[in-house]
Asker: 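Sending over a structure as structure tokens; questions will come in a sec.
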Amino acid sequence: MDLAHTSHDSRSIDPAAKEMLRIADREGYATIWERYEKQQPQCSYGQLGTCCRICSMGPCRIDPFGDGPSHGVCGATADTIVARNLARMAAVGSSSHSDHGRKVALLLKAVANGSNTDYRIADPEKLVAVATRLGIPTDGREPAAIAGDVATVAIDCFGNQGEEPIVFMEKYMPKKRFQRLQDLEDTLYRTMGAKTGFLPRAIDREAVDILHRTHFGCDHDPLSLVAQSVRCSLSDGWGGSLIATELQDILLGSPTIKPVKANLGVLEAESVNVVVHGHEPILSAKVVEMAQSAACRAAAEAVGAKRVNVVGLCCTGNEVLLRQGVGMAGNESHSELAIMTGAVDAMVVDVQCIYPALADLASCFHTRFITTSEQAKIPGALHIQFEEQEADAIATHIIKTAIDAFPNRNKARVYIPQHTSTAIVGFTVEEILKALGGTPQPLIDLIVKGTIKGVAGIVGCNNVKVQQDFFHRTLTEELIKRDILVIGTGCWAIAAAKSGLMDLPARDLAGPGLRAVCGQLGIPPVLHMGSCVDCSRMLNLAGTLADHLQVDISDLPLVGSAPEWTTEKAVAIGTYFVGSGIPVHLWPLPPILGGPEVTKILTSDAKDVLGGWFFVEEDPVVTADRMEQIIMERRAALGI
Ligand code: SF4
Ligand code: MSK
């Protein structure tokens, strides 16, 4: 694959992006693509994972080809260095998702005890479902009392100091998977002679454990470091992310199946455009809600605008897309392009996946670039601190800031590429089961018959090393062609939505079995399950199928991919999929290849131990071949 992008067409397959990149070239706006070229050649040690700067005797680097030192100053090997770096990536990724979940749990507690009145229990049915799953009594109890107990259990998952596994995982993970992970603890104790667990004890503890064990002079054993990376990542998937998803549904409403529009064409030339970007819908859902208030509507009209048009980017965009039907401006690599339209009056960001370059770019336009979190401050931005207990007032203030910017818009510089696709979104586990008549049995029957061969979950970002959306789109098309149902989240989901793969006519691209199922159920062959934290919905679906069949997740014809991954959160997601028994494809290369033992553990040994493992592949068609092969092998093992 050509990494040195020389034209807009080699940078993205998205027609709207191509148009905007021509404008960028003409006007001289810097983009991720241009900065990437200036970074060439990138450091090979970093790409292989063999550089260490954990202590001040370093930085040390190991040349895996034997030219140069084979050990760091302290004696650390390439495998130790690679495993430590990987563990730290998993800890950061897990912490990002889980800290998001913590905020939602604390908000639910505040709503339950009445100290926050700007939010409410929007989905009492989901509240009862979550409480029942956790073993919390619900009969004859007020929603606030139930919510208080749910919040307490969730908060305890973060800070529990005992050795027992976190409650959310115990109650949500399918029984056979839970048992397997428990048994592994004994097996590893016997083989390694050291205590190594896979079941997380507390969400915060597992990340702190990694920070401790990767401190100078602690854990140097690649297997032990990888095992803790799996445990920490599982605390994200079956802990922090799961808590975020479940409790957001309670507080903001569970998503329902609905059509939406996706791509930069959702911006409106005559309206005040507010782009919400980041991950936490506690803010973005409020911005959407307050934009519809009479006061904001009147203020917009007073400056000559048609209305306030809130649109989304990245995962907070996915959250408001699923719940409130908000238009989706694009995925990660679209964030700069949105500002370049000249039609964005405010870009409001919370946390994660926000380029600091956006502040400089916004300053070339009238666009107010607004940061809202003390955890994501960006020089050059206007900071309006978001506080949950004053959510209505702060969201209104943010919208008024956008409205005030609207008259400064230079209409001559506005260019909105007229591209949008329709996407049917909102396929939560609950909505999928509802479509199937309330039970997973029809889906299982279709898989047993081979009408659908299996299910592929695709996640992750855009990455400048891959032509934007190319891998997402090609891999997805290849899989549905082979009668493999594709589900997914994050920036992949946005790529699929923009590509039209989530619209009903996309069923014509599917194989005969999947096409027929889509026709019968009135669904697309590619299902949007939400934001990055909503990868927990995919785990939950896998767990539902496994428990229904009384098998382990690793027995099911399921496979995962993160084909344009960028962030440490993607490392955590991939690792908790593997820890849950699902094989995961990755591209671009993860920074582990400089450690042969770590590479072997993750790509081979994990298969026997966990039932899930990683593989890397650059070509989307070959990737689809391998994913199909894994699915067929699992089908054969099940005797179907
Ligand atoms: Fe070098 Fe060891 Fe220090 Fe890492 S911990 S920088 S390998 S001396
Ligand atoms: S937003 S983690 S770039 S998917 Fe969740 Fe997209 Fe990846 Fe961020």
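When a ligand or atom number is given, it counts from 1 through the structure's own listing order. We're numbering straight along the sequence, starting at 1. All values below come from the heavy atoms of this structure, side chains included, with hydrogens, waters and symmetry mates left out.
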Asker: I'd like to know if R35 and E336 make a salt bridge, using a cut-off of under 4.0 Å between side-chain N and carboxylate O.
Answerer: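 Judged by the 4.0 Å cut-off on N to carboxylate O distance, R35 and E336 do form a salt bridge.
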Asker: How close does the nearest protein non-hydrogen atom get to atom 2 (Fe) of ligand 1, and which residue and atom is it?
Answerer: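 Result for atom 2 (Fe) of ligand 1: C74 SG, 2.4 Å.
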Asker: Can you find a heavy atom in the side chain of T371 that is under 4.5 Å from one in the side chain of I354?
Answerer: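 No, their side chains stay 4.5 Å or more apart.
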Asker: List every atom of ligand 1 that sits less than 4.0 Å from any heavy atom of G58, numbering the atoms from 1 in the order shown and giving each element.
Answerer: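 Listed by number with element, the hits are 6 (S).
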Asker: When you measure from atom 1 (Fe) of ligand 1 to every protein heavy atom, which one gives the shortest distance, and what is it?
Answerer: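 In this structure, atom 1 (Fe) of ligand 1 has C60 SG, 2.3 Å as its nearest protein heavy atom.
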Asker: Do E374 and H383 meet the criterion of a side-chain donor-acceptor pair at a distance under 3.5 Å?
Answerer: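 No, no side-chain donor-acceptor pair sits under 3.5 Å.
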Asker: Give me the residue, atom name and distance of the protein heavy atom closest to atom 1 (S) of ligand 2.
Answerer: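 Of every protein heavy atom, H279 NE2, 3.2 Å lies nearest to atom 1 (S) of ligand 2.
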Asker: Between N331 and I494 (side chain of the first, backbone of the second, donor and acceptor by atom type, cut-off under 3.5 Å), is there such a pair?
Answerer: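 Between the backbone of I494 and the side chain of N331 there is no qualifying donor-acceptor contact (under 3.5 Å).
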Asker: With P525, which of T476, I484, L479, I480 fulfils side chain to side chain contact (heavy atoms under 4.5 Å, CB included)?
Answerer: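 Exactly one candidate clears the test, I480.
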Asker: Can you list the atoms of ligand 1 that are under 4.0 Å from a heavy atom of F216?
Answerer: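 Those qualifying, in numeric order: 5 (S).
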Asker: Does a side-chain N-to-carboxylate-O contact under 4.0 Å join K600 and E597?
Answerer: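 A salt bridge is absent here (no side-chain N lies under 4.0 Å from a carboxylate O).
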Asker: Using a distance threshold of 2.8 Å, what protein N/O/S atoms lie below it relative to atom 7 (Fe) of ligand 2?
Answerer: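 Per the 2.8 Å query on atom 7 (Fe) of ligand 2, atoms found are C461 SG.
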Asker: Which of the atoms in ligand 1, numbered in the order shown and given with their element, are less than 4.0 Å from a heavy-atom of R84?
Answerer: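 Heavy-atom distances to R84 below 4.0 Å select 4 (Fe), 5 (S).
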Asker: Any luck finding a side-chain donor-acceptor pair between E206 and S235 under 3.5 Å?
Answerer: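 On atom types as modelled, these side chains do not qualify, holding no pair under 3.5 Å.
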Asker: Taking only Lys NZ, Arg NE, NH1 and NH2, and the carboxylate oxygens of Asp or Glu, determine whether K569 and D236 approach each other closer than 4.0 Å.
Answerer: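 Answer for the salt bridge query: no.
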Asker: Counting C-beta onward and ignoring hydrogens, is there a side-chain heavy-atom pair between M627 and F615 closer than 4.5 Å?
Answerer: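 Yes - at least one pair of side-chain heavy atoms lies under 4.5 Å apart.
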Asker: Nearest to atom 4 (Fe) of ligand 1, what protein heavy atom do you find, and at what distance?
Answerer: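 Going atom by atom, the protein heavy atom closest to atom 4 (Fe) of ligand 1 ends up being C52 SG, 2.3 Å.
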Asker: Among protein heavy atoms, which sits nearest to atom 3 (Fe) of ligand 1, and what does the distance come to when rounded to 0.1 Å?
Answerer: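 In this structure, atom 3 (Fe) of ligand 1 has C55 SG, 2.3 Å as its nearest protein heavy atom.
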Asker: Quick test of your reading of the model: are D249 and R537 salt-bridged, counting only N-O distances below 4.0 Å?
Answerer: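 Salt bridge flag = yes for R537 with D249.
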